[in-house]
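To start, the structure under review is shown below, and the notes come after it.
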Amino acid sequence: MIDPKFIKEDIEGLKLLLKKRNMETAVDLDRLKAIDEERRTLLQKSDELREKRNRLSKEIGQSKSKGLDANELMKQVQGLSEEIKQYSEKLASLEQEYTDLHLSVPNILHESVPEGTDEKDNRIVRTWGEKPHFSFKPKPHYDLGVDRGILDFERGVKIAGARFYLYRGLAARLERAIINFMLDLHTREHGYTEIFGPFMVNDESMTGTGQYPKFRDEYYRIERDGLSLIPTAEVTLTNIYRDEILESSSLPVRVTMQSACFRREAGAAGKDTRGLVRVHQFQKVELVKFVRPETSFDELEKLTGDAEEVLKRLNLHYRVVLLCSGDTSASSSKTYDIEVWMPGMDRYLEISSCSNFMDYQARRAKIRYRKEQGRKPEYLHTLNGSGLAAGRTLAAVMENYQTEKGDIIIPEALKRYLE
RNA sequence: GGAGAGAUGCCCGAGUUGGUCGAAGGGGACGGUCUCGAAAAUCGUUGUGGGCUUUGCUCACCGAGGGUUCGAAUCCCUCUCUCUCCGCCA
């Protein structure tokens, strides 16, 4: 949610924002503005009536305690109450519509975000390492894994369905090693606290981070219990402080958590159907930060660097891409994608996405902090990024470290985790 | 899953014959006095969100949502969560 002052004071600015984001039809801003004004008028009127009712009711109490007759007053207040009720009903429906529209307004974009319509306009900001050379034609991880007997897609499909898979032996051990390596790196060297929390969350949490109410079909929900399987540990981590006020001295808070992630991949039919690229369940190490507003864009650079460090230590060639205005997700103000080179697939593959949400998510989830004692609480800024997607990292290691005979060399950084 | 108890401000905790209760009291935190300084003592301040004609006025919030009433933290209904006992269990 953006600061409501934008709706009140700068509707033209918001129109421009929608245009930049290539989503002009997503929100009826004129309607939003009109509702905002109408509800404020009604609110004023209704507050006046309530004030009167409170005052008269007090008088009734006083009269009665003196043994005086208050019937006349009581009749008057009864009428007031009727009127107030009508106003509340009108207001409630207006508030509802206002909130729905407010939630649909995307986040303000940072000035450094390039204008553009889709991924073609994203800007490569840096590249690390080089594409490895092979004296043979490197295989994509799915062929390599199946040939080697460590990836089993047929069994995954039998057990659960399309887009499920099974790791056997080395693949399973390698992914576990990758996860441990990443968690150790982030906790020992980057200052994150390791968290282990729920993989299933309630609707408040899904709403807090923005999954609900809009993109309901993209997630698995267990109706009977009102719980949803998390699509990322971002949900668990960000909701740690939902509805709370933190002390300024405790910021920044840095947390990391490894989790399984569940995605329905609705609308991705026929896309990336092979391999570990797009599946319904995968593991990921997530990074989340809660920071003071004035530091959040610096923190985004550091967070992205924390994720990049994983690839550096694994000696995997990658590039960092700054998403353009049309490709940046609605809740993000600025996003970097990290794309790792996949020699077998002969393409770069997104392995991490790091975003600064500024106060957009914090406002929604009511996460605030107190600048100093006695001051009003303010919304803090939240950031998150994958550090990294474990399944895709496994695939990248397999493709980059394969030998002609179909073996996989263990990267130096992972050796101690596989002994 | 069965039986019972409870949910109040940063924390503890009063308030349940409905009225001047946004809420006593204690603790904590912050500020002042005292002191060379500190402790102790003492005085004061200390919830959140909204509206407006914004050094002020006002509305809402006592787990959440409904209801009764002129008026509800206080009465009624539903839900959620917590605790205790029993059952089950990695």
Side-chain angles (χ1 to χ4, degrees), chain A residues 1-9 32-103 196-208 212-213 221-228 239-251 253 260 359-360 362-380:
Chain A
M1 280 170 128
I2 54 157
D3 190 329
K5 80 168 188 232
F6 288 113
I7 296 167
K8 210 171 149 185
E9 295 165 11
L32 178 57
K33 177 80 176 161
I35 291 175
D36 183 39
E37 277 163 14
E38 191 182 350
R39 66 178 253 283
R40 243 160 328 114
T41 311
L42 286 183
L43 202 60
Q44 249 180 83
K45 188 77 181 124
S46 138
D47 274 6
E48 276 168 31
L49 292 174
R50 283 170 193 270
E51 189 275 329
K52 194 168 179 191
R53 178 176 71 180
N54 290 348
R55 187 156 37 84
L56 295 184
S57 287
K58 248 173 214 180
E59 280 180 33
I60 291 172
Q62 284 163 352
S63 298
K64 283 203 162 179
S65 68
K66 286 180 201 149
L68 299 171
D69 175 68
N71 282 340
E72 206 38 56
L73 274 174
M74 280 165 69
K75 220 175 276 172
Q76 202 183 334
V77 178
Q78 197 162 20
L80 278 178
S81 288
E82 283 297 316
E83 222 180 320
I84 289 169
K85 200 170 178 181
Q86 286 173 13
Y87 272 105
S88 327
E89 280 163 14
K90 243 185 280 180
L91 262 170
S93 76
L94 275 180
E95 291 293 354
Q96 183 61 51
E97 198 183 344
Y98 177 85
T99 305
D100 288 349
L101 287 170
H102 188 186
L103 285 172
F196 183 74
F199 289 7
M200 294 194 278
V201 301
N202 56 30
D203 289 349
E204 288 74 25
S205 294
M206 288 294 270
T207 307
Y212 289 169
R221 188 168 187 279
I222 302 158
E223 293 300 331
R224 184 175 167 172
D225 301 289
L227 292 170
S228 300
N239 277 287
I240 291 175
Y241 297 114
R242 172 158 52 83
D243 295 320
E244 293 193 28
I245 299 170
L246 307 186
E247 285 308 321
S248 182
S249 58
S250 64
L251 301 180
V253 172
D359 60 354
Y360 192 87
R363 176 169 285 106
R364 208 175 164 124
K366 296 192 188 70
I367 309 172
R368 292 172 292 177
Y369 82 110
R370 213 180 287 279
K371 218 167 192 167
E372 12 176 322
Q373 274 248 322
R375 294 259 316 242
K376 286 275 174 197
E378 293 171 37
Y379 292 106
L380 46 71

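Naming: A, B, ... by sequence-line order, numbering from 1 per chain.
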What residues form a side chain to side chain contact (heavy atoms under 4.5 Å, CB included) with [X], not counting sequence neighbours?
X	value
A/D203	A/Y212, A/R216, A/R221, A/S228
A/K371	A/Y369, A/R375, A/E378
A/K90	A/L42
A/L103	A/M1, A/T99, A/P213, A/R364

TODO: Among residues two or more places apart or on two chains, list those pairs meeting ring-ring contact (aromatic ring centres under 6.0 Å, His included) that have a residue in residues 57-95 of chain A.
DONE: none
Give me the distances for all protein-to-nucleotides 72-82 of chain B N/O pairs that come in under 3.5 Å?
none

Give every pair of a protein N or O atom and an N or O atom of nucleotides 15-23 of chain B that lie under 3.5 Å apart, one pair per line with the distance.
residue: B/G19; atom: N2; partner: A/S57; partner atom: O; Å: 3.0

Task: Results of salt bridge (charged side-chain N to carboxylate O under 4.0 Å, His left out) for A/E97 - residues two or more places apart only - done: A/R31
TODO: List for me each residue that meets salt bridge (charged side-chain N to carboxylate O under 4.0 Å, His left out) alongside A/R55, sequence neighbours excluded, and say none if there are none.
DONE: A/E51
Open item on the list: Once salt bridge (charged side-chain N to carboxylate O under 4.0 Å, His left out) is applied, what residue pairs with a partner in residues 34-43 of chain A remain, sequence neighbours excluded?
Closed with: A/K33-A/E37, A/D36-A/R39, A/D36-A/R40, A/R39-A/E95
Task: Side chain of A/N54 (C-beta onward), nearest among B/G51, B/C59, B/G71 - done: B/C59
TODO: Would you give the length of the straight line joining atom OG of A/S46 to atom CZ of A/R53, rounded to the nearest 0.5 angstrom?
DONE: 9.0 Å
- [ ] For RNA chain B, find the residues of residues 33-48 of chain A with a heavy-atom distance under 4.0 Å and give them by number; none if there aren't any.
- [x] A/R40, A/L43, A/Q44, A/D47
Open item on the list: I'd like to check the side chain to side chain donor-acceptor pair (under 3.5 Å) partners of A/Q96; sequence neighbours left out, ordered by chain and number.
Closed with: A/D100
